[in-house]
**Q** 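Okay, handing you the structure first.
Residue numbers begin at 1 in each chain, while the letters A, B, ... track the order of the sequences. Below, all heavy atoms of this structure are taken into account, side chains as well, without hydrogens, waters or symmetry copies.
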Amino acid sequence: MNQVRVRFAPSPTGYIHVGNARTALFNWLFARQQDGVFVLRVEDTDVERSRAEYEERLIADLRWLGLDWDEGPDVGGAYGPYRQSERLAIYAEYGQNLLSRGLAYYCFCSPEDLEKERQEALAAGRSPRYSGRCRHLAAEEARSRVAAGEKAALRLKVPEGGIIAYHDLIRGDLSFDLSLVGDPVLIRSNGLPAYNYAVVIDDHLMAITHVIRGEDHISNTPRQLLVYQALGWEPPQFAHLAMVMGQDNTRLSKRHGATSVDQFSQMGILPEALFNYLAFLGWAPPEGREVLTREELIKLFDLRKVSRSAAIFDYEKLFWLNRQHFRQLSIAERARRAFPFLKDAGLLPEVMTPAHWSWLEKVVDSFTETVDRLSELPDRLAILFEFSPERMDEEAKSILADKARRQVAWLFCLKVKDIPELSPAEFSRVAAEIKKETAAKGKNLYHPVRVALTARASGLELDRFIPLVEEGARLSLPRPVPSCRQRAAKMLAFLEEGQKINQDKGSG
RNA sequence: GCCCCUGUCGUCUAGCUCGGUCUAGGACAUCGCCCUUUCAAGGCGGCAACACGGGUUCAAAUCCCGUCGGGGGCGCCA
């Protein structure tokens, strides 16, 4: 059996979309599982839209996702070049071959003529296919017109009738009526190859055995098969993947939210989580487990089990998977991944000392179990870096509105404001004292204490929170963490100020 | 308009290839309970689907036909 060779062939016309990323991923999974070769080919023949920087971006995004290729524009290989723009001579050569054998012909129709023809056909309720007007031009005449410098495209002669059929690895037997397909353009009048022609030449010359691509190519396949036929080549096997849709069941696009791979990395989705999620869009492993590594996915993946119907991209499930993957990382690794998000938010220094890392690990360990994307981290950590009684939320305010609970908060601040560093032991001591002095316990004790220390009504358990604050307060940070003592002093001032206002009101 | 693909809980899917084992399984979301000084997380449990209509058959999510819905294509874009 020949070695499996698959390819991913994107156009560098923008940031890579998760739908395309999934196509790349399925190819990669199949290649790795079959001990095959994964080829990256850049289809940059659309000069208007293709840009070199997009190719770089594309490569970076694919690598970020965890894909690698054995052959490609950046790594070379025996079947190159891997950029279509560098293969123009090859396309021209096979074009001449088809022309000389009478299987292709020059077409002099202008884009305007063609558009008019199309509109007329549509209006008359006919299939808007090319009429074949130039097909019967005498070969010598066409040749001399071209020699004279007239612009012409090269078209394939599609057989008059009959059907063309092929077996799709995912969809089974498919067939198409040839009378419905117009003569496709092989080489455009600007000398660049058209998609349906270039893929065939490249896939064959690159010895591709399996073409795994999006469903939107199903009806292109008969045209490509015709090119294989004309050239006398054996076509590869085809597998057409269903599309990825947005929540409203239309093709996933920007208005559905994040769609490009780099947007997901920016919001703090782990590459292994996106990878896992993408693999699950249209496929499920035989056993029930869902949180899987790349290696496990390679083992379990089965191209024949891929779904034929379109799948809706579910951000919630992706976030859940992200949390699961994050949890599986070691504490040090979690800190390492979280770091850029916190540094960029101005919460951590560019240069981290071991003490910073040690603190970050504890912080990340305490806060990330409820975080589903790393970009949420700066907001979640605001409770450490920020302490502003004047900006309390309603719930916290209502806690302090109660006289007894306000008394608890006040007493707590009074006791803590002179303690240089609040250790867990001292915290329990203070809590016990207040309990004794005020008879407050349970919620009535801890709610006000929490508000006193955080100016919020909810958050991390205080036993975990306090050591993080005290350790953070000792560190040199771009944005200092106020210590418990500082918090207590500030809250005390705030409470007393409020008291005064209330008294004024009462007496006035 | 024509051609092609497709249709199981709100979502991703298992099951359909070899009809009975399906009172249709799992996961996300949702709801409830537990845990708990709060919010989450976590644990436990609940709600929830074979698009519709005809066949075939003792028996259909599974086979056949039709309808409807969704998507894609019909480019000198890829």
**Q** What integer number of Å spans the P atoms of B/C34 and B/G53?
**A** 43 Å
**Q** Whole angstroms only, please: what is the CZ-P distance between A/Arg83 and B/A78?
**A** 17 Å
**Q** With a non-hydrogen cut-off below 4.0 angstrom, is A/Gly282 in contact with a base, only sugar-phosphate, or nothing?
**A** sugar-phosphate
**Q** May I ask you to say what A/Leu114 touches in the nucleic acid, namely base, sugar-phosphate or nothing, with a heavy-atom cut-off under 4.0 Å?
**A** base
**Q** Between A/Glu433 and A/Lys436, is there a salt bridge with N-O shorter than 4.0 Å?
**A** no
**Q** Please list each protein N or O that sits under 3.5 Å from an N or O in nucleotides 68-75 of chain B, with the distance.
**A**
from: B/G70; atom 1: O2'; to: A/Asn249; atom 2: OD1; distance (Å): 3.0
from: B/G73; atom 1: O4'; to: A/Ser219; atom 2: OG; distance (Å): 3.2
from: B/G73; atom 1: O2'; to: A/Ser219; atom 2: OG; distance (Å): 3.0
from: B/G75; atom 1: OP2; to: A/Pro128; atom 2: O; distance (Å): 2.9

**Q** If you measure from the P atom in B/U21 to the same atom in B/A60, how many Å do you get, rounded?
**A** 11 Å
**Q** So does A/Glu333 pair up with A/Arg337, basic N to acidic O under 4.0 Å?
**A** yes
**Q** 5'-most contact on RNA chain B: A/Pro111 or A/Ser175, nearest heavy atom basis?
**A** A/Ser175
**Q** Could you check how far CD of A/Gln119 sits from C1' of B/C2, rounded to whole Å?
**A** 15 Å
**Q** Of A/Glu43 and A/Asp314, whose closest RNA chain B nucleotide lies nearer the 5' terminus?
**A** A/Asp314
**Q** Looking for any heavy atom pair under 4.0 Å, which part of the strands does A/Leu445 touch: base, sugar-phosphate only, or nothing?
**A** nothing
**Q** Whether A/Lys317 and A/Asp314 form a salt bridge (side-chain N of Lys/Arg under 4.0 Å from carboxylate O of Asp/Glu) is what I want to check.
**A** no
**Q** For A/Ala165, is there any backbone N or O sitting under 3.5 Å from a side-chain donor or acceptor partner on A/Ser175?
**A** no
**Q** Given atom CG of A/Leu174 and atom C1' of B/C5, what is their separation to the nearest angstrom?
**A** 7 Å
**Q** So what does A/Ser309 hit on the nucleic acid, given a heavy-atom distance under 4.0 Å: a base, only sugar-phosphate, or nothing?
**A** sugar-phosphate
**Q** Taking the ring centre of each residue, are A/Phe30 and A/Phe301 less than 6.0 Å apart?
**A** no
**Q** Rounded to whole angstrom units, what separation is found between the CD atom of A/Gln247 and the C1' atom of B/C12?
**A** 13 Å
**Q** Which heavy-atom pair separates A/Leu278 from A/Ala21 by the least distance, and what is that distance?
**A** CD2-CB, 4.1 Å
**Q** Quantified in whole Å, what is the C1' atom distance between nucleotide B/U57 and nucleotide B/G20?
**A** 12 Å
**Q** Tell me which nucleotide, if any, is Watson-Crick or G-U wobble paired with B/C2 when both distances must be under 3.5 Å.
**A** B/G73
**Q** Aromatic rings A/Phe264 and A/Tyr315: how do their planes relate, parallel, tilted or perpendicular, breaks at 30° and 60°?
**A** parallel
**Q** Can you tell me, in whole Å, how much space there is between the C1' of B/U17 and that of B/A61?
**A** 14 Å
**Q** What's the CZ-P distance between A/Arg213 and B/C5, to the nearest Å?
**A** 16 Å
**Q** How long is the line joining CG of A/Leu154 and C1' of B/C76, in whole Å?
**A** 11 Å
**Q** Counting the atoms with a prime plus P, OP1 and OP2 as sugar-phosphate, which does A/Thr45 contact under 4.0 Å by heavy atoms, base, sugar-phosphate, or nothing?
**A** sugar-phosphate
**Q** What's the gap between B/C64 and B/A48 when it is taken at their P atoms, as a whole Å value?
**A** 31 Å
**Q** Base of B/A27, side chain of A/Lys317 - is there a donor-acceptor contact under 3.5 Å?
**A** yes
**Q** Rounded to whole angstroms, how far apart are OH on A/Tyr315 and P on B/U11?
**A** 16 Å
**Q** Please measure how far the C1' atom in B/G1 lies from the corresponding atom in B/U56, and state the result in whole Å.
**A** 36 Å
**Q** Mind checking who B/C52 pairs with, Watson-Crick or G-U wobble, both distances under 3.5 Å?
**A** B/G66
**Q** Across all strands, who's sitting opposite B/U21 as a Watson-Crick or G-U wobble pair, both distances under 3.5 Å?
**A** none
**Q** Given B/A14, is OP1 or OP2 found less than 4.0 Å from the side-chain N or O atoms of A/Arg289?
**A** no
**Q** Are A/His325 and A/Phe275 an aromatic pair, judged by ring center distance below 6.0 Å?
**A** no
**Q** Say you pick atom C1' in B/C18 and the same atom in B/C74; how far apart are they, in whole Å?
**A** 39 Å
**Q** Determine the contact category for A/Ala311: base if any of its heavy atoms lies under 4.0 Å from a base atom, sugar-phosphate if only primed atoms, P, OP1 or OP2 are that close, otherwise nothing.
**A** sugar-phosphate
**Q** Any idea which of B/U11, B/G15, B/A78 is nearest the A/Lys305 side chain?
**A** B/G15
**Q** In terms of ring plane angle, is the pair A/His204 and A/Tyr228 parallel, tilted or perpendicular, where the classes change at 30° and 60°?
**A** perpendicular
**Q** Taking any heavy-atom pair under 4.0 Å as a contact, classify A/Asp44: base, sugar-phosphate, or nothing.
**A** nothing
**Q** Could you let me know what B/U30 is paired to, Watson-Crick or G-U wobble, both distances under 3.5 Å, or none if it's on its own?
**A** B/G46
**Q** Between N or O atoms, less than 3.5 Å apart, protein on one side and nucleotides 38-41 of chain B on the other: list the pairs.
**A**
from: B/U38; atom 1: O4'; to: A/His447; atom 2: NE2; distance (Å): 3.0
from: B/U38; atom 1: O2; to: A/Gly459; atom 2: N; distance (Å): 2.7
from: B/U38; atom 1: O2; to: A/Gly459; atom 2: O; distance (Å): 3.3
from: B/U38; atom 1: N3; to: A/Arg450; atom 2: NH2; distance (Å): 3.1
from: B/U38; atom 1: N3; to: A/Gly459; atom 2: O; distance (Å): 2.5
from: B/U38; atom 1: O4; to: A/Gly459; atom 2: O; distance (Å): 3.4
from: B/U38; atom 1: O4; to: A/Glu461; atom 2: N; distance (Å): 3.3
from: B/A41; atom 1: O3'; to: A/Arg327; atom 2: NH2; distance (Å): 3.1
from: B/A41; atom 1: O2'; to: A/Arg327; atom 2: NH2; distance (Å): 2.7

**Q** Over all strands shown, is A/Phe176 touching base, sugar-phosphate only, or nothing at heavy-atom distances under 4.0 angstrom?
**A** sugar-phosphate
**Q** So, are A/Asp168 and A/Arg308 salt-bridged, with charged N and O less than 4.0 Å apart?
**A** no
**Q** Between B/C76 atom P and A/Arg133 atom CZ, what is the distance in whole Å?
**A** 13 Å
**Q** Salt bridge or not between A/Arg87 and A/Asp202? Use side-chain N to carboxylate O under 4.0 Å.
**A** yes
**Q** Under 4.0 Å, counting only non-hydrogen atoms across every strand here, what does A/Glu290 touch: a base, just sugar-phosphate, or nothing?
**A** base
**Q** Need one value for A/Lys435: base, sugar-phosphate or nothing, where a base atom within 4.0 Å counts as base even if backbone is also close, heavy atoms only.
**A** nothing
**Q** Could you give the distance separating B/G26 and B/G45 at their C1' atoms, to the nearest angstrom?
**A** 16 Å
**Q** Using a strict 4.0 Å threshold on nitrogen-to-oxygen distance, state whether A/Arg41 and A/Asp203 make a salt bridge.
**A** yes
**Q** Sort and list the pairs that fulfil salt bridge (Lys or Arg N to Asp or Glu O under 4.0 Å) and have at least one residue in residues 453-468 of chain A, not counting sequence neighbours.
**A** A/Glu369-A/Arg464, A/Glu461-A/Arg464
